[in-house]
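Worksheet: one structure, shown below.
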There are 2 protein chains.
Amino acid sequence: MRENHNSLNQILVKLFNDILKIEEKFLCRGEFKSLTMSEFHIIENIGIGEGKTMSETAKALKITSGTLTTGIDNLVKKGYVFRKRSTEDRRKVLIKLTEKGENAYNEHYKFHEEMVADTLQEIPKDEEEVLIRALFNVDRYFKKKYKL
Amino acid sequence: MRENHNSLNQILVKLFNDILKIEEKFLCRGEFKSLTMSEFHIIENIGIGEGKTMSETAKALKITSGTLTTGIDNLVKKGYVFRKRSTEDRRKVLIKLTEKGENAYNEHYKFHEEMVADTLQEIPKDEEEVLIRALFNVDRYFKKKYKL
DNA sequence: CCCAATTACTTTGATAATCAAAGTATATAC
DNA sequence: GTATATACTTTGATTATCAAAGTAATTGGG
């Protein structure tokens with residue numbers, strides 16, 4: 001029992017750092033070298049589709065709207081995002097991916113998908129289901145306990 | 001199959017962001033409010049015991065030694081760490097936790113332990129083993145594939 | 001033994017991410 | 001119609017980070 005706790009603790013810490021570094025290393029290069037991880041994060045969060053407001057997006061990313069403003073400023077400069085005032089409520093700003101932005105989104109998505117596909121290949125089929133169920137439990141529990 | 005990949009993808013992204021924010025929110029307060037997450041990370045990595053060198057620690061944290069130097073500067077100022085030249089090789093600097101540093105280390109450790117304990121409580125015993133094995137596989141695979 | 005190359009660390013100069021608080025414009029409510 | 005609330009941006013500050021240059025100690029030929 002205690003044994004398991006220690007293992008899980010250690011492996012989680014390791015996996016965490018490793019995944020962060022992998023993403024950074026393999027994503028921010030090639031076509032999208034000019035993008036930082038935070039910017040990829042913002043792009044991932046805006047997603048394909050109808051456009052989100054600033055506050056919605058800031059809340060989802062758990063950053064202040066001031067921080068998001070400068071992030072979006074840069075992404076607009078770099079041509080990945082555009083702003084558009086909402087017509088129904090002119091205080092609101094809708095942000096939306098340009099075509100270039102959608103390409104970056106897809107790249108990010110593909111990277112994750114490959115990482116997951118490669119990884120699942122390594123573990124037996126029956127463990128796969130358990131892993132996914134366990135992770136969902138973990139997340140549900142976190143949300144409840146820490147009121148995210 | 002494809003279904004599983006998508007689920008795992010989404011849940012991993014969510015878990016990641018959530019855990020990062022939880023740590024930040026719950027750790028950097030109270031007695032250790034003056035510590036940032038990066039500083040907690042450094043402390044975690046130095047650990048209890050005989051003292052690590054700068055380069056060892058920088059490598060483990062996957063940051064440059066310049067970055068670590070400023071990190072340690074701050075931790076020394078705040079009283080969590082002290083430096084000591086190695087006597088056998090006077091180029092080397094050994095860093096070691098002060099008593100205050102060890103308290104912070106234990107706090108961090110306890111936080112992780114509780115998080116894991118709480119979480120494992122939520123999943124059935126037989127899934128627990130599978131989860132841990134799966135995560136070890138994932139990490140092993142990452143190291144191989146991405147040459148960490 | 002000495003000097004060239006290597007290693008270990010620090011410093012410097014630059015950039016990015018972040019926050020809190022103040023500022024601006026629009027909407028809502030009484 | 002004004003006061004309050006909401007949505008966003010700006011400002012000023014701090015922290016984390018890197019690459020490259022600098023300093024000091026060690027090591028390995030000759």
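Here is the naming used below: chain letters follow the sequence lines, and residue numbers restart at 1 for every chain.
Once rounded to the nearest 0.5 Å, the distance linking CD1 of B:I72 with OG1 of B:T67 reads 11.5 Å. Rounded to the nearest 0.5 Å, atoms OG1 (A:T69) and CZ (A:R83) are 6.0 Å apart.
Protein atom CG of B:L35 is 18 Å distant from nucleotide atom P of D:dT14, rounded to whole Å. The distance from atom CD1 of A:I95 to atom P of D:dA7 is 14 Å, rounded to the nearest whole Å. The CG-P distance, from A:D89 to D:dA5, rounds to 17 Å in whole Å. One interatomic measurement links the two molecules: CZ of B:R91 to P of D:dA25, which rounds to 10 Å at whole-angstrom precision. Straight-line distance from the CD atom of A:E56 to the P atom of D:dT6: 16 Å, rounded to whole Å. If you measure from atom NZ of A:K59 to atom C1' of C:dT18, you get 20 Å, rounded to the nearest angstrom. Nucleotide C:dC9 holds its P atom 14 Å from the CG atom of B:L61, rounded to whole Å. Atom C1' of nucleotide C:dA20 and atom CG of A:L68 are separated by 16 Å, given to the nearest angstrom.
Residue A:N74 places its side chain closer to C:dA17 than to any other of C:dA17, C:dT26, D:dA19. Taking the side chain of B:T53 as heavy atoms from C-beta on, and the options D:dA19, D:dT15, C:dC9, the nearest nucleotide is C:dC9. Considering only side-chain atoms of B:D73, the nucleotide from C:dA27, C:dT11, C:dC9 that sits closest is C:dT11. The listed nucleotides are C:dC19, C:dC9, D:dA16; the one nearest the side chain of B:M54 is C:dC9. Among the nucleotides C:dA27, D:dA7, D:dA25, the one closest to the side chain of A:K92 is D:dA7. Considering only side-chain atoms of B:V93, the nucleotide from D:dA25, D:dT9, C:dC9 that sits closest is C:dC9. The listed nucleotides are C:dT10, D:dT17, C:dA16; the one nearest the side chain of B:I63 is D:dT17. Closest to the B:T69 side chain, of the nucleotides C:dT26, C:dT11, D:dT9, is C:dT11.
Here the shortest heavy-atom pairing between B:I95 and B:T53 reads CD1-O, 4.3 Å.
Checking the phosphate oxygens (OP1, OP2) of D:dT15, no side-chain nitrogen or oxygen of B:T70 falls inside 4.0 Å. For B:T67, no side-chain nitrogen or oxygen approaches OP1 or OP2 of D:dA16 to under 4.0 Å. For A:S38 and C:dA17, the shortest distance from a side-chain N or O to OP1 or OP2 is below 4.0 Å.
Between the base of C:dT26 and the side chain of A:R90 there is no donor-acceptor pair shorter than 3.5 Å.
Using a cutoff of 4.0 Å between basic side-chain nitrogens and carboxylate oxygens, A:D73 and A:K78 are not scored as salt-bridged. Under a 4.0 Å N-O distance rule, the pair B:E128/B:K125 qualifies as a salt bridge.
Looking at which nucleotide of DNA chain D each of A:R83 and B:K78 is closest to, the 5′-most match is held by A:R83.
Geometric assessment of B:K100 against the ring of B:Y80 yields a positive cation-pi assignment under the 6.0 Å and 45° thresholds.
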